[in-house]
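Shown next, in structure tokens, is the structure this report addresses.
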Amino acid sequence: MNRQYDPQQIESRWQSFWEDGRYFCVDTATAAKPYYCLTMFPYPSGTMHVGHGRNYIIGDVVVRYKTMQGFDVLSPMGWDAFGLPAENAAKQLGIHPKESTTRNITHMKRQLRSWGVGYDWEREIATCHPDYYRWTQWIFLKLYERGLAYQKAAPVNWCELCTTLANEEVLADGTCERCGRPVIKKNLKQWFFKITEYAQPLLDDLAELEGWPEKVRNMQANWIGRSEGARIDFTVAETGAPVPIFTTRPDTIHGVTFMAIAPEHPLVSELVSGTAREEEVMAFVQRQLMTAAAERADAATAKEGVFTGFHVRNPYNGESSPLWVTNYVVTDYGTGIVMAVPAHDQRDFEFSRQYDIPIKVVIQNEAGSLDPASMAEAFVDDGIIVNSGAFDGMTNRDAIAAMTQHAKEQGFGDFTVNFRIRDWLISRQRYWGAPIPIIHCPDCGAIPIPESELPVRLPDDVDFAADHGNPLARHDGFVATTCPSCGKPASRETDTLAQWLCSCWYYMRYVNPRLETAAYNKADVDKWLPVDQYIGGIEHAVLHLLYSRFILKVLHDADTCSFREPFGALFTQGMICKRSDKDGQLYKMSKSKGNVVSPDELIEQYGADTLRLYTLFIGPPEKDAEWNDQGIEGASRFLRRLWRRVHDHRELLLSAGAEVTELSALTEAERDLYRKLHETIQHVSHDMEGGFHFNSAIAQIMELSNALDACQVDASSSASMKTVFRVTIETMMRLLAPFAPHIAEEIWRELGHEHSILRAGWPGLDHEALKRDSVELALQVNGKVRGRLTAAVDMPRDELEREALASESIQKYLEGKTVRKVIIVPNRLVNIAVS
RNA sequence: GCCGGGGUGGCGAAAUGGCAGACGCACUGGACUCAAAAUCCAGCGGUGGCAACACCGUGAGGGUUCGACUCCCUCCCCCGGCACCA
């Protein structure tokens, strides 16, 4: 053992030790205490920064902690290997995606190893391997079989670079989640999954996910967007065409003075075709289609519209109102047609004022003062129903149910629930993805490829040269095939599956990564799943996590597994940010901002344990944190000091007793240190279980370390002091092992242990050791600390009160005052209330 | 607008009804050194004071309580999700 702490010398050795000894490999079949800890697998982008590292380090702490507790921990890692950057690199640099992906995986795997994170690499998977995507295609077929995969022509989100996008991939500002380009609507025939059919169970089961952050459950609930209301069937007065609408305010239905329809709605062109207004209306529609999604979605955009020339009949009172095409009704929500009630909806109010449409009050306020002529804004509060025939006089709250009930009885409406979530668009016009296993036959239509013929392999020899279009569609050898049904010439589907589908089920494949006959074995996944602890970034709160839950529910309903949620507990770590050198602003670490910190150099300079310790110490792991280049020095100093202490006392430690057997034989100083050790065990164990407070767990270990420094142990110390010293250092190594595993193993070995510290068990708590003979209490007068009192533990209240009142330090605060009450918090404080 | 999370020293933070600022960074002074680095020791919320000490202090204001960073009410600010959503 050198006096100088040299992580370079020890770290790679321990990394090989763990790997050669298969310390993180588990036999899924025989494991008695299964625990599945999963860290979200990365896209192999090439290189990772310290922000990525935080994710894997947190996961590794859990893996090591659970391993020390004796669990059979499943800790796999793999690659979300299909995706856009590899294909773009192919276009720009002429490197085949397969090649760049393989190279990136090699480099990133080296990085993961250098952090000392423990994975079962024997289970490594990559979603771009035919052995894997064969089963992704199988999942597509399962959905197809169950009527949950379908093709439709619809206006879809289109990004020039990323091609089609799911709704979830479009940000609130109308830009592409991936590349930031503006998203427009394009009419295309695409493949969708009917996630809407699972909207209710996806929402309901959120309640069961108690191990998930409230925030993520909340985000998913918002995204699903359940809204209770009524369906009311209006009709076009001139043609009798049905016009069903969704409303949450049926109580205002007698106040309808016009109807508003979305520009994209097919009924618009259907109605106006061949009429005098056709030109004007369609010009308006065209103009809206050309407007960017972001602008249309902006509530600040001025409301506009055009009259269609048609009217819509209100089934409640038979009145007809004009039908307007407007820019503020969205196609995607409800039926794309809205009953407009200017008196009681601010948007309708603004529109009606602009186009001189009448306003009719049907809910009167308490003062009875609402008058259409004088209203400055819509009245949206509760009130009493007026101008509504038989419903007059009801509160509007009561009228909501009563009016819907009336519609139900009359057969022109019903209670209904509307969801915001849309079906999931899963096709992409790209090469580097799993081909959709469908053949288009001129006679038979779209025919699924039989399961036995999977995988549909991606051809290697494709032409990436062209700027636009899907290289797969240009590959004649891939496209030309025969119909599985009739045998005639047919063509393959050339769209590939969205990357999200590949990453939807990888956590199951890890259980049976090399199984050739199925995606997974039911008994095995039932044993290991749901994942006990899932760890990843908050950016996947809706996309990956919602899609995974949906796909699992389908696989459950197809009777391929018995559980209904994939991830029992979820931990979302915060991002690492850093100030930009250019503008001094704080940004998430990214290449484009030029604020990335490379872990490779830090590991070279300080070692992986120091990097790990600082990453964990930087702040609470669920919160964003600012990387401070100087902060790592603190972690480095701590480990160097620890190393030196062990080095300097090595002989003493090796000769000292290994166990504290008789507490009563210890001196006060020895008891104090031993108590501090057990207080640390208590705190650290609590932080490991309750919310992953690794930052404070490390702080506790540092405190213990400081306490060790304070007791000057040397050759002349008593045998019992040496024993306590040794036990404290050894136990401290076990507490430190999940955070800084290399140095913990090395010191553990130096102190004479043959086996890995991973097998040493998590330290148990000795409640006897925590006990004290005397405690120092705070003496308060009216809640302010005015003195201290050392007293025996559990001193009787009356005795304590007597001593407190007699205490010299507080006499001056009691002079001339009357003691009204004395509050005693056992072993903590005495508070004297005076007046 | 609706929903959720925050606001504590120069900085990262700790304390979930009981002694605010543990632990660390930075900084200041000292020791060691020819010198520097490393290391070690001490100090480090604000104001006043030579000092003992006093007063103030957890976004603002109010409340509950013997006692509030912590619970309740009102408000301000920051971050995230949803949103012309009918």
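Everything numeric here is computed off the predicted structure, so don't read it as measured data. Within every chain, numbering begins at 1; the chains are lettered A, B, ... in the order of the sequence lines, protein sequences first and strands thereafter.
- As rounded to whole Å, 22 Å separates atom P of B:rC2 from atom CD1 of A:Ile224.
- Of the possible donor and acceptor atoms, one in the side chain of A:Asn314 sits under 3.5 Å from a partner among the backbone N and O of A:Tyr316.
- B:rG9 and B:rC2 have their P atoms separated by 30 Å, with the value rounded to a whole Å.
- Here A:Arg641 lies in heavy-atom contact (under 4.0 Å) with sugar-phosphate atoms only.
- Side-chain proximity of A:Arg786 to B:rG81, B:rA86, B:rC55: nearest is B:rC55.
- Atom CD of A:Glu808 has 12 or fewer neighbouring heavy atoms from other residues, nucleotides or ligands inside a 6.0 Å radius.
- With distances taken from any side-chain atom of A:Ser696 to the nucleotides B:rC3, B:rA14, B:rC84, the minimum falls on B:rA14.
- Between A:Thr248 and B:rC85, a side-chain N or O to OP1/OP2 separation shorter than 4.0 Å is absent.
- B:rG48 and B:rG57 have their C1' atoms separated by 15 Å, given to the nearest Å.
- Nearest to the side chain of A:Val825, among B:rA86, B:rG18, B:rG12, sits B:rG18.
- A:Gln811 and A:Leu805 get closest at one heavy-atom pair: NE2-O, 2.8 Å.
- Comparing B:rG29 with B:rA38, their P atoms sit 16 Å apart, to the nearest whole Å.
- Taking the P atoms as reference points, B:rA68 lies 15 Å from B:rG59, given to the whole Å.
- For a distance-only test at 3.5 Å, the side chain of A:Asn218 fails to qualify as a donor-acceptor partner of the base of B:rG4.
- Nucleic acid contact for A:Thr301: base, since at least one base atom lies under 4.0 Å from a heavy atom of the residue.
- In the model, A:Asp204 has a side-chain atom that pairs as donor or acceptor with a side-chain atom of A:Gln200 under 3.5 Å.
- In summary, A:Arg3 and A:Asp648 engage in a salt bridge, as defined by a charged side-chain N under 4.0 Å from a carboxylate O.
- A:Glu626 has its CD atom 9 Å from the P atom of B:rA13, to the nearest Å.
- Residue A:Gln630 contributes atom CD, which lies 15 Å from atom P of B:rC11 at whole-angstrom precision.
- On a pure distance criterion of 3.5 Å, no polar donor-acceptor pair joins the side chain of A:Arg420 and the base of B:rC82.
- The side chain of A:Lys784 has B:rC56 as its nearest neighbour among B:rG81, B:rC56, B:rA13.
- As judged by a 4.0 angstrom heavy-atom cut-off over every strand, A:Tyr813 is placed among residues touching the sugar-phosphate backbone only.
- One can place CG of A:Leu789 at 20 Å from P of B:rG18, the figure rounded to the nearest angstrom.
- Between A:Ile823 and A:Asp709, the residue whose closest nucleotide on RNA chain B is further toward the 5' end is A:Asp709.
- Distance noted for atom P between B:rU16 and B:rG6: 14 Å (whole Å).
- With ring centers used as reference points, A:Phe258 lies under 6.0 Å from A:Phe351.
- Distances from the side chain of A:Met702 to the nucleotides B:rC23, B:rG67, B:rA86 place B:rC23 closest.
- Residue A:Gln346 is classed as having no contact, given no heavy-atom separation below 4.0 Å to the nucleic acid.
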Task: Watson-Crick and G-U pairing of RNA chain B, under 3.5 Å, as dot-bracket with | and [ ] - done: (((((((..(((.....[....))).(((((.......))))).((((....))))..(((((..]....))))))))))))....

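- As judged by a 4.0 angstrom heavy-atom cut-off over every strand, A:Glu703 is placed among residues touching the sugar-phosphate backbone only.
- Residue A:Asn695 has a polar side-chain atom (N or O) positioned under 4.0 Å from OP1 or OP2 of B:rA14.
- Under the 3.5 Å distance criterion, the side-chain polar atoms of A:Asp414 are left unmatched by any main-chain donor or acceptor of A:Arg231.
- For the pair A:Lys303 and A:Tyr328, the cation-pi criterion (under 6.0 Å, within 45° of the ring axis) is fulfilled.
- For B:rG30 and B:rU8, the P atoms lie 34 Å apart once the distance is rounded to whole Å.
- Taking only side-chain atoms of A:Tyr333, from C-beta outward, the nucleotide of B:rC40, B:rC25, B:rA86 with the closest atom is B:rA86.
- Taking 4.0 Å as the cut-off between side-chain N and carboxylate O, A:Arg296 and A:Glu264 count as a salt-bridged pair.
- Considering only side-chain N and O atoms, A:Lys821 lies under 4.0 angstrom from the phosphate OP1 or OP2 of B:rC66.
- With contacts defined as side-chain heavy-atom distances shorter than 4.5 Å, the pair A:His49/A:Trp627 does not qualify.
- The residue among A:Asp624 and A:Ile698 whose nearest nucleotide of RNA chain B is located toward the 5' end is A:Asp624.
- Within 4.0 Å of A:Gln700, counting heavy atoms only, lies no atom of the nucleic acid at all.
- Remark: the separation of the P atoms in B:rG7 and B:rC71 is 11 Å, to the nearest Å.
- If you check every strand for non-hydrogen atoms under 4.0 Å, A:Val329 touches a base.
- The distance from atom CD1 of A:Ile824 to atom P of B:rG67 is 17 Å, rounded to the nearest whole Å.
- Between A:Arg347 atom CZ and B:rG1 atom C1' the separation is 11 Å, expressed in whole Å.
- Look at CH2 on A:Trp212: it is 18 Å from C1' on B:rG5, rounded to the nearest Å.
- The A:Arg637 side chain lies nearest to B:rU39 when the options are B:rU39, B:rA13, B:rG81.
- Anti is the classification of B:rG29, since its glycosidic angle lies more than 90° from 0.
- Listed pair A:Asn706 / B:rA22 fails the phosphate criterion, with no side-chain N or O lying under 4.0 Å from OP1 or OP2.
- Using a distance-only test at 3.5 Å, with no hydrogens or angles considered, a donor-acceptor pair links the side chain of A:Thr404 to the main chain of A:Ile400.
- In this structure, A:Asp687 places its CG atom 12 Å from C1' of B:rA22, rounding to the nearest Å.
- A donor-acceptor distance shorter than 3.5 angstrom exists from the side chain of A:Thr308 to the backbone of A:Leu323, with no hydrogens or angles considered.
- Residue A:Pro213 is out of contact with every strand shown, counting any heavy-atom pair closer than 4.0 Å.
- Looking at heavy-atom distances under 4.0 Å, A:Asp345 makes no contact with the nucleic acid at all.
- Backbone-only engagement by A:Arg828 is indicated by non-hydrogen atom pairs under 4.0 Å involving sugar-phosphate atoms exclusively.
- The base of B:rC82 has none of its N or O atoms less than 3.5 Å from a complementary donor or acceptor on the side chain of A:Asn222.
- For the OP1/OP2 pair of B:rU39 and a distance below 4.0 Å, the side-chain nitrogens and oxygens of A:Arg640 include at least one atom meeting the criterion.
- Of the C1' atoms belonging to B:rG45 and B:rC27, the separation is 15 Å, rounded to the nearest Å.
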